[in-house]
Amino acid sequence: MCAINAEGLAGAVDAADRLDAVTVADRADAVTAVDRADAVDAVDRADTVDAVDRADTVDAVDGRALDEAVEFTSGLIRIDTTNRGGGDCRERPAAEYVAERLAAAGLEPLLLERTPGRTNVVARIEGTDPSAEALLVHGHLDVVPAEAADWSVDPFSGEVRDGVVWGRGAVDMKNMDAMVLAVVRAWARAGVKPRRDIVIAYTADEEDSAVDGSGFLADRHPHLFEGCTEGISESGAFTVHTGPGGRALYPIAAGERGTAWLKLTAHGTAGHGSKPNRDNAVSRLAAAVARIGEYEWPVRLTDTVTACITELAALQGLSVDPRRPDLDLDELLDRLGPAGALVRATVRNSANPTMLSAGYKLNVIPEHATAYVDGRTVPGGEAEFAATLDALTGPDVRWEFHHREVALQAPVDGRTYGILRESVERFDPAGHVVPFCMAGGTDAKQFSRLGITGYGFSPLKLPPGFDYWALFHGVDERVPVEALHFGVRVLDHALRTL
């Protein structure tokens with residue numbers, strides 16, 4: 001359905017890249033003529049206006065942008081992009097959906113694939129300041145599986161009911177994908193350009209290994225991100241209510257623990273299950289797994305987590321130094337109540353056994369036994385993690401990395417974090433922004449290979465009782481329409497101000 005235009009791309013991509021790049025300029029015919037006229041006029045107008053001045057004088061967000069954020073969230077949910085792992089996913093229909101709408105806004109999106117059907121979209125918005133560093137705004141198009149029988153609605157219906165959009169991806173993260181798309185199109189209609197070049201990337205495969213998504217883009221197409229030094233994406237700036245009468249918090253992610261998924265292997269002597277066997281692979285593996293599961297990892301505070309704890313404590317009238325040697329940190333986190341959950345998983349390394357495999361018959365002692373462990377490391381904690389695993393597994397069990405990605409940390413005392421914070425509090429003056437470190441990871445890990453510092457910033461103003469964490473990969477995932485409207489306004493202000 002998309003026309004391949006290698007000649008048009010020759011100036012931007014090398015010969016190898018041209019095999020993957022697909023232009024969607026011809027797809028603009030599928031979009032309304034009104035959109036195309038708006039986009040052309042907007043580009044001409046934006047050339048004569050300074051982006052900084054427009055951020056103060058022009059409200060780019062119109063009613064259409066708010067409506068489109070809802071429409072696009074619902075539309076993307078209806079495109080089933082379930083990622084079951086092992087390559088079992090097809091993001092291309094969703095990639096074409098966003099590419100058509102970017103093209104209608106006057107952009108020239110590229111569709112890029114490492115594997116057929118595993119499609120990524122990249123487009124660049126030219127800023128008004130050629131000397132400014134570029135900004136990456138990225139979101140993934142795939143979602144985790146949903147068991148329809150467990151849901152009260154069809155998880156891929158995109159139903160809008162009672163002011164809420166329902167379906168898989170409503171919070172992770174087709175909502176953010178839609179909000180970014182709505183903002184970009186609003187800029188085209190209003191003749192607005194950002195100060196910095198902005199690279200928009202919609203990725204495949206984030207919910208598995210990212211090898212067909214951000215990893216592929218970072219490794220094979222780094223030139224598309226030329227000049228990008230910072231990025232924003234999912235898992236931040238959403239409302240966390242801290243209990244009855246508690247203040248609304250907006251945690252902005254300024255770090256991620258590293259991924260250290262492990263495979264453990266024990267070898268022994270095979271034999272009959274009725275006979276004594278001191279060289280039993282299952283016994284050796286089980287003992288190592290038990291030691292790992294029972295181990296109490298020591299506290300290791302990063303700058304981001306320290307800043308978060310300090311601010312959360314201050315909101316409750318507590319003046320504490322989280323790094324004080326005699327402080328009982330777990331007790332302090334208990335005193336912080338629900339807010340303590342923002343940091344509890346990120347104050348130390350962790351390793352949780354998740355899978356076991358051994359044997360083929362009950363009365364046969366197998367020669368081999370394997371286990372898998374979900375390990376996570378705080379920034380700077382990788383060496384300690386490896387040394388601890390050596391000690392816990394002992395001489396009879398071998399461990400190796402099944403999948404490994406770096407831990408990340410971003411500054412919380414500079415201009416970028418300050419603008420993100422101001423943008424949220426501008427539209428919710430009663431809220432309080434705090435930095436936090438994500439327990440898991442995002443595509444920011446892969447883009448960090450290009451020297452891009454990442455923040456989690458997908459703003460949503462959620463009502464009390466709306467549990468974002470429970471809905472993330474959960475049953476009956478949904479997002480309020482008003483939360484999407486809030487997010488569009490915040491993103492517009494932040495992206496034009498950065």
Side-chain angles (χ1 to χ4, degrees), residues 171-172 234-244 246-261 292-354 373-382 384-385 388 405 407-410 412 431-442 444-445 455-456 458 462 464-474:
V171 297
D172 182 24
E234 63 178 316
S235 299
F238 51 87
T239 319
V240 174
H241 295 279
T242 57
R247 192 170 187 179
L249 301 177
Y250 288 89
I252 292 177
E256 299 181 6
R257 289 201 301 172
T259 304
W261 293 350
I292 292 170
E294 294 170 357
Y295 182 70
E296 294 288 337
W297 292 86
V299 171
R300 296 289 185 262
L301 295 183
T302 63
D303 292 344
T304 296
V305 173
T306 298
C308 183
I309 294 172
T310 302
E311 290 196 36
L312 292 176
L315 287 173
Q316 298 196 20
L318 304 174
S319 178
V320 298
D321 176 4
R323 285 177 163 152
R324 199 180 71 206
D326 62 339
L327 178 69
D328 185 334
L329 185 63
D330 291 314
E331 180 184 0
L332 173 60
L333 297 184
D334 288 339
R335 293 178 65 187
L336 295 180
L342 284 175
V343 294
R344 193 177 296 277
T346 59
V347 299
R348 45 174 62 90
N349 292 333
S350 65
N352 287 306
T354 56
V373 174
D374 185 337
R376 308 287 171 147
T377 59
V378 300
E382 293 84 355
E384 179 185 42
F385 181 86
T388 302
E405 285 292 346
L408 305 177
Q409 188 162 226
V412 297
H432 187 87
V433 172
V434 298
F436 87 115
C437 176
M438 282 186 263
T442 71
K445 294 186 185 301
Y455 292 89
S458 50
L462 302 172
F466 198 96
D467 190 343
Y468 175 92
W469 296 118
L471 294 174
F472 205 90
H473 292 192

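These numbers come from a predicted model, not from an experiment. Below, all heavy atoms of this structure are taken into account, side chains as well, without hydrogens, waters or symmetry copies. Numbers here simply count residues along the sequence, with the first being 1.
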Pairwise side-chain contact, V378 with V305, heavy-atom cut-off 4.5 Å (strictly under):
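With C-beta onward as the side chain, the pair stays apart.
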List in chain and number order the residues that pass side-chain hydrogen bond (donor to acceptor under 3.5 Å, both in side chains) with T442, two or more places apart in sequence or in another chain; answer none if no residue qualifies.
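Scan of T442 (side-chain hydrogen bond (donor to acceptor under 3.5 Å, both in side chains), adjacent residues dropped) gives E256.
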Short question: side chain of T242, backbone of R247 - any donor-acceptor pair under 3.5 Å?
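Side chain of T242 to backbone of R247: a pair is present.
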How about F238 and L249: do any of their side-chain heavy atoms sit closer than 4.5 Å?
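The answer is no; the side chains never approach within 4.5 Å.
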Can you confirm whether Y468 sits close enough to H241 that some side-chain heavy atom of one is under 4.5 Å from a side-chain heavy atom of the other?
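No, side chains not in contact.
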Tell me the closest heavy-atom pair linking G258 and A407, and the distance in Å.
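Between these two residues, the closest heavy atoms are N-CB, 3.3 Å.
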Set of side chain to side chain contact (heavy atoms under 4.5 Å, CB included) partners for T304, sequence neighbours left out
A254, T302, Q409, V412, P435, C437
Applying side chain to side chain contact (heavy atoms under 4.5 Å, CB included), run through F472 and E234 and close with a yes or a no.
CA-CA 11 Å; F472 205 90; E234 63 178 316; 3.9 Å; yes
Qualifying residues under ring-ring contact (aromatic ring centres under 6.0 Å, His included), relative to W297, sequence neighbours excluded:
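For W297, the residues satisfying ring-ring contact (aromatic ring centres under 6.0 Å, His included) (neighbours in sequence not counted) are Y295, F385.
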Show the nearest heavy-atom pair for residues V343 and C308, with the distance to one decimal.
CG1-SG, 3.4 Å
In chain order, what residues pass the side-chain hydrogen bond (donor to acceptor under 3.5 Å, both in side chains) check against T239, with sequence neighbours excluded?
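side-chain hydrogen bond (donor to acceptor under 3.5 Å, both in side chains) check on T239 returns Y250.
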Can you list, pair by pair, the side-chain donor-acceptor contacts under 3.5 Å of residues 331-338, counting residues two or more places apart and other chains?
from, atom 1, to, atom 2, distance (Å)
D334, OD1, R344, NH2, 3.1

Residue list, side-chain hydrogen bond (donor to acceptor under 3.5 Å, both in side chains) with T306, at least two apart or on another chain
R323
Which heavy atom in A345 sits nearest to a heavy atom in A439, and how many Å separate them?
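For A345 and A439, the tightest heavy-atom pair comes out as CB-CB, 3.9 Å.
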Pairs satisfying ring pair (Phe, Tyr, Trp, His ring centres under 6.0 Å), at least one member in residues 310-347, at least two apart
none
Please name all residues satisfying ring-ring contact (aromatic ring centres under 6.0 Å, His included) with F436, sequence neighbours left out, ordered by chain then number.
none
For a 4.5 angstrom cut-off between non-hydrogen side-chain atoms, does T259 reach T377?
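T259 does not reach T377 side chain to side chain.
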Decide yes or no for L312 and V434: does some side-chain heavy atom of the first lie under 4.5 Å from some side-chain heavy atom of the second?
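Result yes, sub-4.5 Å side-chain heavy-atom pair found.
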Could I get the full list of side chain to side chain contact (heavy atoms under 4.5 Å, CB included) partners for S350, not counting sequence neighbours?
R257, R376
Any heavy-atom pair between the side chains of M438 and T346 that's under 4.5 Å?
no
Going by the rule salt bridge (charged side-chain N to carboxylate O under 4.0 Å, His left out), which residues pair with D330 if we only count those two or more places apart in sequence or in a different chain?
R348
Worked verdict on T310 versus V320 for side chain to side chain contact (heavy atoms under 4.5 Å, CB included):
CA-CA 7 Å; T310 302; V320 298; 5.5 Å; no
Nearest heavy atoms of E311 and V433, plus distance in Å
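Scanning both residues, the minimum pair turns out to be OE1-O, 3.4 Å.
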Using side chain to side chain contact (heavy atoms under 4.5 Å, CB included) as the criterion, list what pairs up with E384, not counting sequence neighbours.
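Testing E384 for side chain to side chain contact (heavy atoms under 4.5 Å, CB included), a comparison that skips the adjacent residues, returns P298, R300, N349, T388.
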Would you check, one step at a time, whether the test side chain to side chain contact (heavy atoms under 4.5 Å, CB included) holds for L462 with V240?
CA-CA 8 Å; L462 302 172; V240 174; over 6 Å; no
Could I get the full list of ring-ring contact (aromatic ring centres under 6.0 Å, His included) partners for F466, not counting sequence neighbours?
none
Spacing of CG belonging to L301 relative to CG belonging to L329, to within rounding of 0.5 Å
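Going from the CG atom of L301 to the CG atom of L329 covers 5.5 Å.
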